[in-house]
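Just so it is clear, the structure is predicted and the values come from calculations on it, not from any experiment.
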Amino acid sequence: MRNLLPLISSHSGGRSALTCLFRCGDACFQEIPNTSENEYAGDIIARAVSRRSMMRAAAVVTVAAAAGTAALTGPNAPQAEAAALAGHGHKPNPPHKPAPSGARGLRFSPVAPNKNDKVTVPDGYSQNVVIRWGEPILRGAPAFNPEKQTAKAQAGQFGYNNDFLSLLPLRGERGRQVLVANHEYTDEILMFRGYDPANPTREQVEIAWAAHGLSVVVVQEESRTGKLGAVSRHPLNRRLTATSEFRVTGPAAGSDLLRTSADRTGSRVLGTLNNCAGGTTPWGTTLHGEENFNQYFANGTTAEHKRYGIGTGATERKWERFDRRFDLAKEPNEANRFGWVVELDPYDPDSTPRKRTALGRFKHEAAEPRLTSDGRPVVYMGDDERFDYLYKFVSSKRMKKGTSRAAREHNLTLLDEGTLYVARLTGDSPASEIDGSGRHPDDGEFDGSGVWIPLATGTTSHVPGMTADEVYVYTRLAGDKVGATKMDRPEDVEPSPRTGRVYVALTNNTDRGKEGKAPADEANPRNLNKHGQILELAENWDDPTSDGFAWRLFLVAGDPNDPSTYFAGFPKDRVSPISCPDNVAFDDHGNLWISTDGNQLGSHDGLFGVATHGDRRGELKQFLTVPAGAETCGPVIQDRRVLVAVQHPGEVDGASVEKPASTWPDGPGKIVRPSVVAVWRKDGRDIGV
């Protein structure tokens with residue numbers, strides 16, 4: 001049996017102070033924005049009377065609804081519940097008799113925890129850097145030269161700190177695909193030699209504006225391997241930056257809350273900021289979540305600014321010195337124009353991306369859609385803040401199939417009409433059994449049920465005292481008013497394409513259980529939560545439009561030898577240690593792939609795969625690790641290839657251009673560069689089979 005892995009010191013959740021400063025404006029060291037009196041899940045649990053596990057709760061809903069009764073009772077209840085479970089597509093784990101090869105899609109030798117200053121992959125796998133920060137992708141853009149960088153050059157080059165990735169097909173061009181990447185934030189200390197944080201130059205600020213945003217770049221695969229390379233100057237290649245034009249659409253477009261002196265219509269915005277995770281739609285567009293936008297705005301003046309974490313003084317980057325729109329004392333509504341989900345059509349380089357107000361405004365970590373049985377998209381979203389909420393949007397329109405112009409134009413309106421909901425969770429165990437240690441309650445699982453509370457539909461508000469415009473622009477306040485459940489940093493949220501179950505990455509919350517802060521509850525069962533957990537949600541009747549759901553914790557992260565950890569019941573001596581789950585994605589086998597941010601277990605961050613069904617459910621294996629100071633983002637899982645975005649390599653306290661903490665990806669003497677990496681099997685076969 002392994003000893004517990006050594007803990008490393010951290011600024012917050014395992015991140016360096018440098019990462020906390022530039023990525024989220026030291027959010028974890030500011031006052032918690034949510035000061036509402038909403039009940040925590042633990043308060044609700046104390047009144048709960050059900051003792052069923054998650055899957056039994058889902059069965060009760062299904063069978064009772066079919067029979068027109070309130071609950072299952074009598075001697076045949078266990079058999080009826082078992083039948084309902086089978087119809088729900090899930091069964092309790094049978095006794096484990098694992099085959100030596102592992103779950104299909106995860107048949108590789110796991111990478112051991114390490115501190116290698118490189119991307120470390122399993123035996124039998126190869127890798128290459130697909131594209132680096134600064135590589136030219138547009139016509140006329142020069143080769144990257146960190147000593148002679150300009151804003152004009154950066155606007156034609158791949159942006160900084162790649163995060164979300166989407167890889168889409170490209171018809172008619174053999175071996176080519178379209179790569180779309182988010183560029184979340186800039187770390188000027190690692191970008192500019194001799195950078196003075198107190199006195200940035202206009203040129204440095206304008207380079208940073210150009211390094212934010214989105215990139216679209218066509219990539220070419222090498223026929224005999226899984227290697228990918230960027231096709232520079234392809235007609236579809238595109239850069240969107242902090243100064244590009246975006247349209248505001250949906251029910252809040254034109255609202256007085258979105259109007260500024262530069263845009264009196266409230267319908268046109270310059271730029272997109274802090275794009276974190278996102279999603280790919282069934283109709284061929286990409287979604288991009290604006291997350292920690294608050295840190296770019298100075299001199300917050302209102303209660304609404306405070307609820308969104310906007311400070312009352314100057315910003316770290318000092319952008320307000322060079323553009324008045326970042327000074328809220330001068331333009332109080334400008335911040336309201338950020339914090340949205342952006343939809344981009346990567347196949348139309350002349351299109352204007354759209355900020356979708358119907359999906360609400362908060363710190364969007366992701367937006368991953370699924371379709372209802374009648375073709376309406378449902379989008380699941382997390383608000384990445386301590387003690388904030390989980391949301392979904394149900395469209396009122398059906399997707400049109402095909403690639404005709406009429407179909408594409410119709411589908412580009414799907415996310416403008418529908419209903420926005422927020423989640424309230426209820427546990428099924430007494431509060432006395434949730435003691436903050438992570439010890440399981442008597443029924444053996446952290447689980448319960450929940451409801452989706454409607455906030456607004458079109459121009460109709462469902463929140464007393466708030467107009468529809470206010471609900472969309474101040475969505476956090478709407479969640480406060482209706483009693484949504486405070487969660488531990490809900491980040492990426494992904495529905496399984498095989499089962500429809502929804503998986504929510506709750507990265508960590510070291511404030512949980514501190515004096516004056518929320519105590520542990522059944523959905524967030526550990527105080528001083530350093531490692532995070534993943535919640536599994538099943539909509540009633542497997543219907544994504546349902547207003548109710550069952551939930552349970554699928555994975556409680558940390559060292560497997562720690563008694564508080566849990567891996568869906570799989571033997572813990574046969575899993576990899578994992579800490580701080582962040583971005584998630586699925587492969588075609590139904591396995592969930594998890595990238596981490598802020599590993600607290602003495603290893604670099606990495607990418608992990610875990611089986612979600614079958615007799616190996618909960619089997620978790622580490623696929624790769626990233627270099628010093630880096631975070632694993634993306635990811636994209638294809639049959640023959642895995643892509644990850646290696647974000648902020650070398651972002652270690654005390655590092656700078658002059659004193660690099662990493663030599664990745666180009667070796668000593670070269671500037672550290674965030675990059676996208678492809679990994680494939682040397683024998684050319686599918687990943688993990």
Query - side-chain hydrogen bond (donor to acceptor under 3.5 Å, both in side chains) assessment of T457 paired with H462 - result: CA-CA 8 Å; T457 304; H462 304 300; 2.8 Å; yes
Report task. Let me see the working for F567 and R574 under side-chain contact (heavy atoms from CB on, under 4.5 Å), right down to the final yes or no. Result -> CA-CA 10 Å; F567 297 83; R574 283 181 265 169; over 6 Å; no
**Report entry** Pairing residues for Y308 by the ring pair (Phe, Tyr, Trp, His ring centres under 6.0 Å) criterion, not counting sequence neighbours
**Finding:**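 So Y308 forms no ring pair (Phe, Tyr, Trp, His ring centres under 6.0 Å) with any residue.
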Does the [X] side chain pair with the main chain of [Y], one donor and one acceptor, at a distance under 3.5 Å?
X: E365; Y: G289; answer: no
X: T565; Y: D562; answer: yes
X: H364; Y: W340; answer: no
X: T612; Y: G590; answer: yes
X: S496; Y: T499; answer: yes

Just checking, is any N or O donor in the side chain of [X] or [Y] under 3.5 Å from an acceptor N or O on the other one?
X: N583; Y: E494; answer: no
X: S579; Y: K530; answer: no
X: D447; Y: W551; answer: no
X: R424; Y: T485; answer: no
X: T632; Y: S595; answer: no
X: Q600; Y: H531; answer: no
X: H288; Y: N275; answer: no
X: N292; Y: K363; answer: yes

Salt-bridge present ([X], [Y]; N to O < 4.0 Å):
X: E491; Y: R489; value: yes
X: R476; Y: D383; value: yes
X: D521; Y: K486; value: no
X: K392; Y: E539; value: yes
X: R307; Y: D480; value: yes

Value rounded to 0.5 Å, distance of [atom1] in [X] from [atom2] in [Y]:
X: E291; Y: F164; atom1: CD; atom2: CZ; value: 14.0 Å
X: D597; Y: Q647; atom1: CG; atom2: CD; value: 7.5 Å
X: R376; Y: S396; atom1: CZ; atom2: OG; value: 8.0 Å
X: D163; Y: N274; atom1: CG; atom2: CG; value: 9.0 Å
X: L535; Y: L425; atom1: CG; atom2: CG; value: 6.0 Å
X: T419; Y: L455; atom1: OG1; atom2: CG; value: 9.5 Å

Query raised in the report: Do the non-hydrogen side-chain atoms of F387 and R512 ever get within less than 4.5 Å of each other?
Result: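 Side-chain contact under 4.5 Å: yes.
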Query raised in the report: Does the side chain of P369 come within less than 4.5 Å of L287's, by heavy atoms?
Result: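 In short, these two side chains touch, coming nearer than 4.5 Å.
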Least distance between heavy atoms, [X] atom then [Y] atom:
X: P490; Y: L506; answer: CA-CD2, 3.5 Å
X: L553; Y: A523; answer: CD2-O, 3.6 Å
X: F549; Y: A423; answer: CZ-CB, 4.2 Å
X: A611; Y: A103; answer: CB-CB, 4.0 Å
X: L607; Y: I637; answer: CD2-CD1, 4.4 Å

Report task. Take the angle between the ring planes of Y185 and H648 and call it parallel below 30°, perpendicular above 60°, tilted in between. Result ->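 Judged by the thresholds at 30° and 60°, the geometry between Y185 and H648 is tilted.
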Report task. Under the side-chain hydrogen bond (donor to acceptor under 3.5 Å, both in side chains) rule, collect the residues that match up with H589, sequence neighbours excluded. Result ->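 By the side-chain hydrogen bond (donor to acceptor under 3.5 Å, both in side chains) rule, H589 matches no residue at all.
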**Report entry** Sole candidate of M381, R361, E470 that passes side-chain contact (heavy atoms from CB on, under 4.5 Å) when paired with T475
**Finding:**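 It is R361, the one option of M381, R361, E470 that forms the side-chain contact (heavy atoms from CB on, under 4.5 Å) with T475.
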Requested in this report: With V584 as reference, evaluate V610, V504, D492, V493 under the side-chain contact (heavy atoms from CB on, under 4.5 Å) test and give the passing residue.
Outcome: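 Among V610, V504, D492, V493, the one meeting side-chain contact (heavy atoms from CB on, under 4.5 Å) with V584 is D492.
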Query raised in the report: Do the numbers put R501 on top of the ring of Y503, so that NZ or CZ is under 6.0 Å from the six-membered ring centre and no more than 45° off the axis?
Result: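 Not flagged: R501 not positioned over aromatic ring of Y503.
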Query raised in the report: Does W452 have its ring centroid less than 6.0 Å away from the ring centroid of Y391?
Result: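 Judged by ring-centre distance (under 6.0 Å), W452 and Y391 do not meet the cut-off.
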**Report entry** F446 and Y566 aromatic centres sub-6.0 Å
**Finding:**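 Judged by ring-centre distance (under 6.0 Å), F446 and Y566 do not meet the cut-off.
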